[in-house]
Protein chains: 2
Amino acid sequence: MTEMSRNSGQEGGQPGRIGIGLELDATHLKILEVLRENGRISVAALAERVGISRANAYTRFEALRADGAIKRFTAEIDHVRAGLGITALIFVTVRQQMWRQFRAQLAQMPEVEYCAITTGQHDAMIQVRVTDVAAVHAMVTDRLANIPAVKATETVFILDEVLRRPYVLPSDRGPARSSRRPPADPAAGSAKSTGPARSAGPSGAAGPAGSAGSTGAEVPLGMMRFVGAAEGRAQLQQDV
Amino acid sequence: MTEMSRNSGQEGGQPGRIGIGLELDATHLKILEVLRENGRISVAALAERVGISRANAYTRFEALRADGAIKRFTAEIDHVRAGLGITALIFVTVRQQMWRQFRAQLAQMPEVEYCAITTGQHDAMIQVRVTDVAAVHAMVTDRLANIPAVKATETVFILDEVLRRPYVLPSDRGPARSSRRPPADPAAGSAKSTGPARSAGPSGAAGPAGSAGSTGAEVPLGMMRFVGAAEGRAQLQQDV
DNA sequence: GTTGAAATTAGTACGAA
DNA sequence: TTCGTACTAATTTCAAC
């Protein structure tokens, strides 16, 4: 039930046409802005905060949900408090003919919180949350490695999560536009920055810590270093 | 009063010791389980679904929030629908004396949805959502590259987000070590409005009564390939 | 798209098991 | 602690403007 798909789950859209089942105006975005920071706000309070009538707020609220612009409401849980103190990223190289199998296996792994298919050196990145480092090891060697679709993995620990915004919205950038200079934030109730100081290894099990290293290569200004796609799947990174 | 005005800071914690202000029992986890899939469920419905009284549910609900186990409630938004069709990961190498500056600059970038400090070749990974590919380029070259703290970057595009779970919980893993077992998701009442906007569907089947689980901790750290700091990324191929 | 009133529900308090 | 109930305040719905 946590599956996602490229088209982001259409409901009101016609086949063959990705996208707009509902034209989102500034008010819609404002609603989303409030809702992403306080998913439990009452519609009445929401209306007041957005500056519209309650009935209007109800209508739009329902429309956003029915349209799929709001996918669901969720509680952000402190995973450390919940007993999952270790977070790791596993970069996976997948045999290109076995994507389906790979995805199917992923669904069987409850410790996986997020998985994205990427360009670059690897094919996918998965984020896992577990109780201890040993569990990461078990996950990688016992489970991932046993999937034929998995050709190679590379694991990295997360030492701290500096920032997590509920969901980025275009309004954060001012008038929804492309790449140009962002004007000042309007009424963007800027996301309260996630508190720092949450280490991934309070139990001392932080694994290979430290990142003293430097790869040396200075960034060549004006030149962005895109990593090419691995083996026959790419096509997203020109336009630079 | 559904405002999130409650302070999410410590309340039950003693000074000098960050840690368990609240012992989470199976009921607490069950509450979290429901809440992460339907953050707008009413406490009454939550109580029914968890199998406790309404008063008890209110008490625990507030305790979880005050304790910080629940950090906040948020709406998951379809970023494509919202106008942000491009997602990218930027791996950043940071000059080690300038972390503070780096973090400060991050807060100024609204397109950043997530940032984690990692072990491995790079020091941080940031996830950005923008309208188009050019915006990624602008972001990396105009903004990131201008931060003195940033020594180098590496960018990768996300082609598809295969799965995102609201938040992983220990109960997902069941009591014992995991094998291959589907989590048996008891479909959340996230469907369309079935009555009041905050309802979650009455008395769904109780979820899997998983208890606090621990993954087998006696796995010897062996052949897993942890990426150390600053080691070159030369070797990529390795069958685990 | 807005306001106002009715019906329902949510949140709180308190005694009992 | 947890439950059950009664009471008060708030929310949602539905009407008319």
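The chains referred to below are lettered A, B, ... by the order of the sequence lines, with proteins before strands, and numbering in each begins at 1.
- Ion pair A:Glu111/A:Arg143 flagged as a salt bridge, since at least one NZ, NE, NH1 or NH2 atom sits closer than 4.0 Å to an Asp/Glu carboxylate oxygen.
- Taking 4.0 Å as the cut-off between side-chain N and carboxylate O, B:Lys30 and B:Asp25 do not count as a salt-bridged pair.
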Verdict with supporting geometry, B:His79 and B:Glu161, side chain to side chain donor-acceptor pair (under 3.5 Å): CA-CA 12 Å; B:His79 39 269; B:Glu161 292 177 280; 3.2 Å; yes

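- At a threshold of 4.0 Å, the pair A:Arg165-B:Glu113 does not count as salt-bridged, since none of the basic side-chain nitrogens sits closer than that to a carboxylate oxygen.
- When rounded to the nearest whole Å, the span between CD of A:Glu48 and C1' of C:dT2 equals 15 Å.
- Salt bridge present: A:Arg103 and B:Asp160 bring a charged side-chain N and a carboxylate O closer than 4.0 Å.
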Where do A:Leu106 and B:Leu163 land on the side chain to side chain contact (heavy atoms under 4.5 Å, CB included) test, with the steps shown first? CA-CA 8 Å; A:Leu106 261 189; B:Leu163 106 83; 4.3 Å; yes

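- Nucleotide C:dG11 holds its P atom 12 Å from the CD1 atom of B:Ile41, rounded to whole Å.
- The separation between B:Glu62 atom CD and C:dA13 atom P is 12 Å, rounded to whole Å.
- Between B:Leu89 and B:Ile126 the shortest side-chain heavy-atom distance does not fall below 4.5 Å.
- Between the side chains of A:Arg36 and B:Thr74, not a single donor N or O lies within less than 3.5 Å of an accepting N or O.
- Taken over five-pair windows at either terminus, the axes of the helix from C:dG1-D:dC17 to C:dA17-D:dT1 are inclined to one another by 30° (rounded to 10 degrees).
- Per the geometry, OH belonging to B:Tyr58 stands 9 Å off C1' belonging to C:dT12, to the nearest Å.
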Where do N or O atoms of nucleotides 1-3 of chain D meet protein N or O atoms at under 3.5 Å, pair by pair?
residue : atom : partner : partner atom : Å
D:dT2   : OP1  : B:Arg60 : NH2          : 2.7
D:dC3   : OP2  : B:Ser53 : N            : 3.1
D:dC3   : OP2  : B:Ser53 : OG           : 3.0
D:dC3   : OP2  : B:Asn56 : ND2          : 2.9

